[in-house]
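This report refers to the structure that appears directly beneath it.
Quick note on labels: first sequence line is chain A, next is B, and so on, each numbered from 1.
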Amino acid sequence: MIKAALIFNNHGKPRLTKFFTYYTEEMQQQIIRETFLLLSKREDSVCNFLEGGTLIGGSDFRLVYRHYATLYFVFCVDSSESELGILDLIQVFVETLDRCFENVCELDLIFHMDKVHYILQEIVMGGMVVETNQTEILTHIEAQQRIEKQEAGIFKPSGRMGGAPARALSAAKSMAPNVNLPKLADLQNISLPSFKKL
Amino acid sequence: MKNVEQMIIGSPNGHSPTFKKFIKDIADSKTKYEESLVMQSEVESLKKEIKTPYANSAVQHERLVKLIYIHMLGYDATFGVIDAIKFAQQSSLFYKRVGYLVSSLLLNPGREESLLLCCSLQKDLASDSVVEQSMALTAICQLMGKDTISAFLPTIIKKLSHPKEIIRKKAVDVLYQFLCEMPEQTHDDRYMKALCDPDAGVMISALPIYLKLCKEQPAKYRHMNKAFTDILIQIVEGRLHNSFNYHTFPAPWAQVYLLQIFQFLGSNDKLLSEEMSHVLHLVIARASGKMTTPQASDAAVAVLYQVCQTILSIYPNQDLILLVTRKIDEFLNSSSNKIYLGLQLLEKLCERQPSIGGAFIPQVYQYISHQCTMIQGAAIKVLRVGVSSPTLSDATRVLLELLSDPSCSKELEDLCCTTLAEIGRKHAPSPAWYVELLLKILGIRSSTPSSLTVTPSSLSSPSPILNTLINYCTTTVDSEVKALIQTAAQQNDDVNSQKSWLSIWALGRYDPDFERATVWVNKLESLSENQIKWLLDSLVVLVTRLGALPKPLFSLLEPYTNSPSPIIRQLAIELVNLSNLPNVTSLFNSQADMLSILIEQLSTTPDSGLENTTAHKQFLAKFRKRANFPTEKVEFHHDIQEEGPKQRVNVPTKDGTPAPTATWVSYHEHIPEEASANEKPEPPL
């Protein structure tokens, strides 16, 4: 089972933290710090697995990570998960982000943390891998985006919450899954140095 | 770091100025303190804003995203929980999604607020919209605990027949969560329905459930072996839709799950192991074909690794094991990730097939000095199980080299020491060889900088190796061992070294006179508290062997009877009393067994200290009567007991240090056999 998915940058600033098992808030912060300390000492040439810190549960747990230009993507997993499988899952996650944000960089994560969470939700659910196919993941994300856009058209920004005509809304929702819209139009790309992969 | 100005200019227009400012302020803060100021002011204003009616949907949305930020950076965002829940209850999907997201980050199944979401979750599950249903299923995974699960269960089970595969798949995942929360929920029909789903994606998501079930009760799921074999054959032969392929490799994650299931089904089961051997052959052939290509995905190698693990776990099949050994060789000659996995496999191989695994041992030495600590650790573990008599001397040499490397981390050092002690104990050609090895370890450890720059606390806990050595010496009667220890003890008078402990210990057990005792007693001032304890204990033993302390020593030690430390006081009083006793050696030679029985009995009485003295007195009276023990001598021990029976029995002591060990054991050593008592005292009251 996946215990946590963490993203932080080279300075240890968290960019995304998601715990699939309950830890208290203090504990979560300590785990993030401990994980960063463990990983920052490692060179890129050594292996991508590490015994978990004492806080997350010690030697029964593994930290599986990938280090891209400025970011660390870390999954804390228990012994039942295949290390290499998780390593490629991180790759799937990052590639999906890259497709969604077109040349994803640290800033995309900072400004669209909610979207990053939604993407992660489509890949990992409650600590289990739900989907590993990039196209499938994107389809689900698109379906959500589409409905949002349709809603935005219904509700003009000034509208009070919940005031939208319920029938129109549900009509929009139920037709959504069958329509095939082309591209993710509303995901802007920030033209900054691209996010190099190893 | 990127320029913050650039960040703001470059930020998409979807964000309001306040949100941009918030991000900028966080990025600008140079210290944790500055960040906390930004956060505090943001939390204050959010608390107010969040109460006011919403003006603009984007602003409302951003407030919740800010909550995620506050939470992520470790500040309390729980004030927003109720608002997040309100969002989740909206009919707008835009709000609902962020509402569920923030709730699932801030809440956990244990919190009462999560109950507030039950109603809207039920409503969303009943919705016509696929997106809404799938959102609800995701939220249930994160938010619902034991108490609320049963309320959702019927709905979730119905979802297994939903026309959309994504809903069925997520429903299966929720069922898995339920199974983890309530392991008694083993209703096979549901899981079977999921496993037999027409969509392969749903079938694959049911595999973790079966993995869990098979792990816990392999016997109950024996009949499923055929089904799993069929599934795996179909996957390997590429019958799944190519959307399940990952870098042209068919469904690697599903293959790993299936192979893990086989691992549990086949262990200790010859019949099933034979049944699955065909498919394992197939998998290993396909996967190793992939490994040789340069663009091999990690997931494909993961399958190869898992099939090797499975082969090593099931009933041994020599053909397959031979294949595994070849794969291990490939793993070991590859990149660092694969080396690590190869070592894991090798460890298992050495455990299961020591004769085959042993051949790899010389190949492992190079990884002991690898730059990756994980690989070093894995290599040491291989040696721990894989070393046998022929490889012993090389392996110990390599490990001792690592131990003397000053850059070696504390964890590795410990692992290295325990491994050396273990392989030495198992395969040493003679007791003297083993003792020599332990002495070498002690010597190296005390010369490494990490041990030299010891703080008082780390000095107070001598290594487990020392304990191993002392325990071994007390139980082994070997003249060579004795000679080795004596030489080692005499060479070492440096109070800061690990060997000094050994030296102190040995003077009580082996010294023929008070000469070295005098040397150490003269150094009393420079000894740590724990070393003083050890020294006093050793002197007690020495006195029982050689008789009363010489006068100068006696006067130096007497002040310790008023030491603030109860243990030192106790030991010092014992020492003084013993030393004052006439004919102490003869007493211990004739009655030692009686005394040790007495002490043993006392030490097994409830450890409640002085309150127990009445009980002790009664017991002693009884003991005296039955053993015809001279009153005077018993009184002496009675005194000790009153002084603090607790400390005598406390091994290890409160501060975690191993207290002087084996004092009473060593009394036994000096008893002539014919002197042992015939009568046993009654059990303590």
Side-chain angles (χ1 to χ4, degrees), chain A residues 11 14 16-18 20 22 25 28-29 43 45-51 80 82-85 87-88 91 106-107 110-111 113-114 117-118 121 125-126 128-130 132-133 135-136 140 143-144 147-148 151-152 155 157-162 164 166 169-170 173-174 176-177 188 190-192, chain B residues 2 7 10-12 14-15 23 54 56-58 65 68-69 72-74 76 90-95 97-98 101 108-110 128-132 138 141-142 166 169-170 173 176-177 205 208 243-244 246 252-253 256 260 297-299 301-302 305-306 336-337 339-341 371-372 374-375:
Chain A
H11 304 273
L16 174 113
T17 58
K18 174 80 184 170
F20 297 102
Y22 174 66
E25 270 75 19
Q28 293 185 3
Q29 289 303 314
E43 290 166 36
S45 60
V46 299
C47 73
N48 298 52
F49 324 123
L50 191 62
E51 229 160 67
S80 70
S82 148
E83 286 100 341
L84 286 175
L87 204 56
D88 259 0
Q91 184 67 30
E106 197 178 335
L107 275 183
I110 296 173
F111 278 101
M113 197 162 48
D114 47 337
H117 268 290
Y118 299 141
Q121 272 180 359
M125 190 171 134
M128 296 306 295
V129 181
V130 214
T132 49
N133 183 296
T135 328
E136 287 284 314
H140 299 145
Q144 296 177 19
I147 291 173
E148 255 173 43
E151 276 180 6
F155 280 112
S158 59
R160 296 227 332 267
M161 250 164 84
L169 194 62
S170 70
K173 281 175 196 165
S174 54
Q188 285 92 357
I190 311 167
S191 46
L192 272 173
Chain B
K2 279 157 192 166
M7 269 166 58
S11 86
H15 295 292
I23 300 283
Y54 305 110
N56 178 307
S57 61
V65 178
I68 306 181
Y69 251 97
M72 180 176 76
L73 294 175
D76 185 25
Q90 297 300 325
S91 54
S92 154
L93 203 126
F94 184 59
Y95 293 133
R97 187 161 70 150
V98 74
L101 174 63
N108 60 69
D128 291 336
S129 156
V130 172
V131 178
E132 247 168 42
T138 309
C141 256
Q142 195 78 20
I166 173 78
K169 198 153 81 173
K170 289 201 171 178
D173 272 317
Y176 179 81
Q177 294 294 321
S205 59
S243 68
F244 287 98
Y246 182 77
W253 285 277
V256 169
Q260 282 176 333
S297 67
D298 284 332
V301 183
Y305 170 72
Q306 187 54 52
S336 51
N337 282 346
I339 293 174
Y340 172 73
L341 296 174
Q371 54 170 333
C372 175
M374 281 297 274
I375 290 177

Next item on the list: Measure distances from B:Ser205 to the heavy atoms of chain A and classify the residue's part below 4.5 Å as side chain, backbone, both or neither.
Entry: neither

Next item on the list: Please report the closest heavy-atom contact between B:Cys372 and A:Cys47, naming both atoms and the distance.
Entry: SG-SG, 3.5 Å

Check: Do the non-hydrogen side-chain atoms of B:Gln177 and A:Met125 ever get within less than 4.5 Å of each other?
Finding: no

Checklist line | Residue part contacting chain A, namely of B:Gln371, when any heavy atom lies under 4.5 Å | finding: both

Checklist line | Part of B:Leu341 within contact of chain A (heavy atom distance under 4.5 Å) | finding: side chain

Checklist line | Spacing of CG belonging to A:Asp114 relative to CZ belonging to B:Arg97, to within rounding of 0.5 Å | finding: 7.5 Å

Notebook entry, point to check: What heavy-atom pair brings B:Ala302 and A:Ser82 nearest, and what distance separates the two atoms?
Noted result: CB-OG, 3.4 Å

Next item on the list: Indicate yes or no: at least one non-hydrogen side-chain atom of A:Glu136 is less than 4.5 angstrom from one of B:Ile166.
Entry: no

Notebook entry, point to check: With no hydrogens and no angle check, is any side-chain donor or acceptor of A:Glu25 less than 3.5 Å from a backbone partner on B:Asp76?
Noted result: no

Check: Is there side-chain contact between A:Thr132 and B:Tyr246, with heavy atoms separated by less than 4.5 Å?
Finding: no

Note to self: Using heavy-atom distances under 4.5 Å, tell me whether B:Val98 contacts chain A through its side chain, its backbone, both, or neither.
What the structure shows: both

Check: Taking side chain as C-beta onward, heavy atoms only, is A:Phe49 less than 4.5 Å from B:Ile375?
Finding: no

Note to self: With heavy-atom distances below 4.5 Å as the criterion, would you say the side chains of A:Val46 and B:Tyr340 are in contact?
What the structure shows: no

Item checked: Atom of B:Leu73, atom of A:Gln29 and distance for their closest heavy-atom approach -> C-NE2, 3.7 Å

Notebook entry, point to check: Any idea which heavy atoms bring B:Pro208 and A:Met128 closest together, and the distance?
Noted result: CB-CE, 3.3 Å

Next item on the list: Measure A:Thr135 against the heavy atoms of chain B and call it side chain, backbone, both or neither at under 4.5 Å.
Entry: neither

Next item on the list: Kindly say whether A:Asn48 contributes a backbone atom to a donor-acceptor pair with the side chain of B:Asn337 at under 3.5 angstrom?
Entry: yes

Notebook entry, point to check: Who wins among A:Lys18, A:Glu83, A:Gln28 for the most heavy-atom pairs under 4.5 Å with chain B?
Noted result: A:Lys18

Check: Among A:Phe20, A:Tyr22, A:Tyr118, which residue forms the greatest number of heavy-atom pairs with chain B at distances under 4.5 Å?
Finding: A:Tyr118

Check: When you look at A:Gln121 and B:Leu101, which way does the side-chain contact (heavy atoms from CB on, under 4.5 Å) test go after all the steps?
Finding: CA-CA 9 Å; A:Gln121 272 180 359; B:Leu101 174 63; 3.6 Å; yes

Note to self: Looking at A:Leu87, is its backbone amide N or carbonyl O close enough to the side chain of B:Asp298 to form a donor-acceptor pair, meaning the two atoms are under 3.5 Å apart?
What the structure shows: no

